[in-house]
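What follows is a set of notes on a single structure, which appears directly below.
These numbers come from the heavy atoms of this one structure, side chains and all, not from hydrogens, waters or symmetry mates. As the structure is a prediction and not an experimental result, all values here were calculated from the model. Lettering of chains follows the sequences in order, A, B, ..., and the numbering in each one begins at 1.
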Protein chains: 2
Amino acid sequence: MDLADTLADTPQFSPLYRQIADMLTRSLQAGEWQPGQPIPSEQELAVRYKVSQGTVRKAIDALASSNLLVRRQGKGTYVASHTEATTQFRFLRLTPDSPEPLSARKLAAPATPHEPLARRFLDCRRQRPPAEVAVALGLRGGALAVQVRRLLYFRERPVVLDDLWLPAALFKGLTWERLAAYRGPMYGLFEAEFGVRMIRAEEQIRAVAADAAVATLLESVSGAPLLEVSRIAYTFGDRAVEFRRGLYDTRHHHYRNTLG
Amino acid sequence: MDLADTLADTPQFSPLYRQIADMLTRSLQAGEWQPGQPIPSEQELAVRYKVSQGTVRKAIDALASSNLLVRRQGKGTYVASHTEATTQFRFLRLTPDSPEPLSARKLAAPATPHEPLARRFLDCRRQRPPAEVAVALGLRGGALAVQVRRLLYFRERPVVLDDLWLPAALFKGLTWERLAAYRGPMYGLFEAEFGVRMIRAEEQIRAVAADAAVATLLESVSGAPLLEVSRIAYTFGDRAVEFRRGLYDTRHHHYRNTLG
DNA sequence: GAGTGGTCTAGACCACTGA
DNA sequence: CAGTGGTCTAGACCACTCG
């Protein structure tokens with residue numbers, strides 16, 4: 001084994017379609033095509049990049065399966081957007097319990113698992129983040145963060161208490177008023193007004209006991225078991241841009257997950 | 001709109017590669033190729049089904065992405081198996097907390113998230129299942145189920161208490177002794193000795209308080225918050241073959257999930 | 001009917017594995 | 001080296017959408 005081998009244990013072979021996919025990703029990141037808008041047709045892109053349509057196709061397949069693009073047969077390929085109904089609950093896995101037992105609802109309409117949730121914003125302020133948050137977001141020195149706290153309601157009852165932190169540098173002008181005024185999911189606001197697109201997220205889930213303050217906000221009792229969901233959300237280039245800690249009241253809701 | 005339209009709101013167009021994928025699935029279900037063994041090469045299958053290699057390829061792609069097959073470049077395509085190290089933790093999402101904060105472990109070795117877990121089986125008995133379980137498993141009349149209870153240990157401490165139910169008709173001869181004697185994951189045993197392959201599962205997660213009996217088993221205290229993970233696991237044809245309720249002690253572990 | 005994505009083919013060549 | 005999966009091409013045709 002020589003030096004070259006040692007340096008190159010990451011294989012540097014990259015197929016054409018991967019390179020095309022990377023170029024498309026850069027165009028998306030640069031905003032060449034906007035969320036909700038169509039990108040050029042496969043044929044056009046094949047000409048632009050001087051490859052066959054099949055290769056462009058495979059590149060688009062890759063981006064579509066990471067939810068960056070959405071294909072619509074007969075119409076075109078569109079830039080994915082958090083403001084669309086279909087993408088609504090991609091990042092919120094809490095679902096109301098069905099009156100029926102665990103299975104048996106196979107034939108029920110799985111289309112809209114929720115009715116729209118009401119929200120109430122408690123705080124929105126800039127401050128120095130705790131060390132854990134600074135590390136998670138890669139904030140150095142005294143870089144500020146925006147802290148947002150909010151409640152989510154289902155049928156007039158509080159179910160989720162979220163406490164989230166964003167790099168202040170990326171969210172200049174984010175205020176309580178703008179949060180409260182926006183209709184639709186928060187990630188839609190981030191995408192539309194700050195150009196920050198959440199691509200994927202990692203969650204860690206545990207059970208904790210409600211303290212007095214939390215119990216009051218969730219209309220529960222001190223010591224009640226809650227789901228604690230810690231999330232780091234990433235944008236292009238695996239850059240962490242949100243740290244979030246959610247407390248879920250699971251007396252009438254559950255977190256759903258599919259193991260493939 | 002005529003009658004044909006009314007009956008056929010499910011589009012009945014099925015591309016060739018889908019039909020091939022379905023035939024391959026039936027062969028897998030019938031045991032024509034065994035877990036861990038290679039299936040015929042793409043070229044052979046193309047000849048057998050009288051289609052091009054590209055079409056076989058697309059069919060295999062579909063099955064590989066649902067974890068039924070595993071591709072190995074230069075070697076062949078293999079039937080996925082629960083007895084292999086790579087598939088080990090596909091269905092167990094509980095991970096020990098890392099000493100570092102939530103992120104920052106990006107560069108750490110993500111290969112083996114766990115050391116092997118010790119197990120202790122508490123029960124294995126046949127009996128009439130509770131209504132909820134019977135519904136979930138589609139058991140009719142007085143059909144029996146096998147109930148298994150077990151503890152999972154990490155570093156000598158109990159962390160998971162599982163209570164699971166299986167259709168007795170599919171697991172004839174499953175005994176405490178066989179469970180205790182088997183090395184490796186339980187789904188490996190089910191696959192190897194009963195021909196039951198778990199393909200996918202749905203989980204519902206909530207936070208609950210430990211009762212006295214559970215607290216004793218998990219070496220915790222009554223009222224301590226625990227993660228309750230309810231699972232229904234499915235085999236070929238979306239047939240439910242396992243109902244499981246797990247209680248996880250998350251004082252030093254967490255359930256991890258990726259949102260894509 | 002024109003334009004889009006979706007399928008299928010046939011053939012060439014590349015990257016990887018193991019004897 | 002032969003055999004496998006992985007990539008790429010060029011071209012034909014199909015299914016879907018919309019004006």
Compare the minimum distances between each of [options] and the side chain of [X], then state the nucleotide with the smallest one.
| X | options | answer |
| --- | --- | --- |
| Y17(B) | dG6(D), dA15(C), dT7(C) | dT7(C) |
| S52(A) | dT7(C), dG5(D), dA10(D) | dA10(D) |
| R71(A) | dG5(C), dT7(D), dG6(D) | dG5(C) |
| E44(B) | dG6(C), dC8(D), dT4(D) | dT4(D) |
| T77(A) | dG5(D), dC8(D), dG5(C) | dG5(C) |

Could you tell me how far apart [X] ([atom1]) and [N] ([atom2]) are, to the nearest whole angstrom?
| X | N | atom1 | atom2 | answer |
| --- | --- | --- | --- | --- |
| Q53(A) | dC8(C) | CD | C1' | 13 Å |
| Q43(A) | dG11(D) | CD | P | 11 Å |
| F13(A) | dG5(D) | CZ | C1' | 12 Å |
| Q19(B) | dT7(C) | CD | P | 12 Å |
| L69(B) | dT4(D) | CG | P | 16 Å |
| D61(B) | dG6(D) | CG | C1' | 10 Å |
| L45(A) | dC8(D) | CG | C1' | 17 Å |
| I20(B) | dT9(C) | CD1 | C1' | 13 Å |

For [X], all residues meeting side chain to side chain donor-acceptor pair (under 3.5 Å), sequence neighbours excluded:
| X | answer |
| --- | --- |
| Y255(B) | N257(A), E203(B) |
| S81(B) | T83(B), E191(B) |
| E193(A) | R178(A) |

Cut-off 3.5 Å, no hydrogens considered: what does the side-chain donor-acceptor table look like for residues 59-70 of chain A, sequence neighbours left out?
unit_1: D61(A); atom_1: OD1; unit_2: R71(A); atom_2: NH1; d: 2.4
unit_1: S65(A); atom_1: OG; unit_2: A62(A); atom_2: O; d: 3.1
unit_1: S66(A); atom_1: OG; unit_2: A62(A); atom_2: O; d: 2.8

Residue closer to the 5' end of DNA chain D, I60(B) versus R18(A) (nearest nucleotide):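 Closer to the 5' end of DNA chain D: I60(B).
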Taking only side-chain N and O atoms of [X], does any of them lie within less than 4.0 angstrom of OP1 or OP2 on [N]?
| X | N | value |
| --- | --- | --- |
| R57(A) | dG6(C) | yes |
| T55(B) | dT9(C) | yes |
| K58(B) | dC8(C) | no |

Nearest heavy atoms of R200(B) and E202(B), plus distance in Å: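 Reported closest heavy-atom pair: NH2-OE2, 2.8 Å.
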Pull out every protein N or O sitting under 3.5 Å from an N or O of nucleotides 17-19 of chain C, one pair per line with the distance.
unit_1: dG18(C); atom_1: OP1; unit_2: K75(B); atom_2: NZ; d: 3.0

Pair F190(B) + H82(B): ring centers closer than 6.0 Å: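 Centroid separation for F190(B) and H82(B): 6.0 Å or greater.
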Residue pairs passing the salt bridge (charged side-chain N to carboxylate O under 4.0 Å, His left out) test where at least one lies in residues 24-36 of chain B, sequence neighbours excluded: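 Checked against salt bridge (charged side-chain N to carboxylate O under 4.0 Å, His left out) - neighbours excluded - the pairs reaching residues 24-36 of chain B are E32(B)-R48(B).
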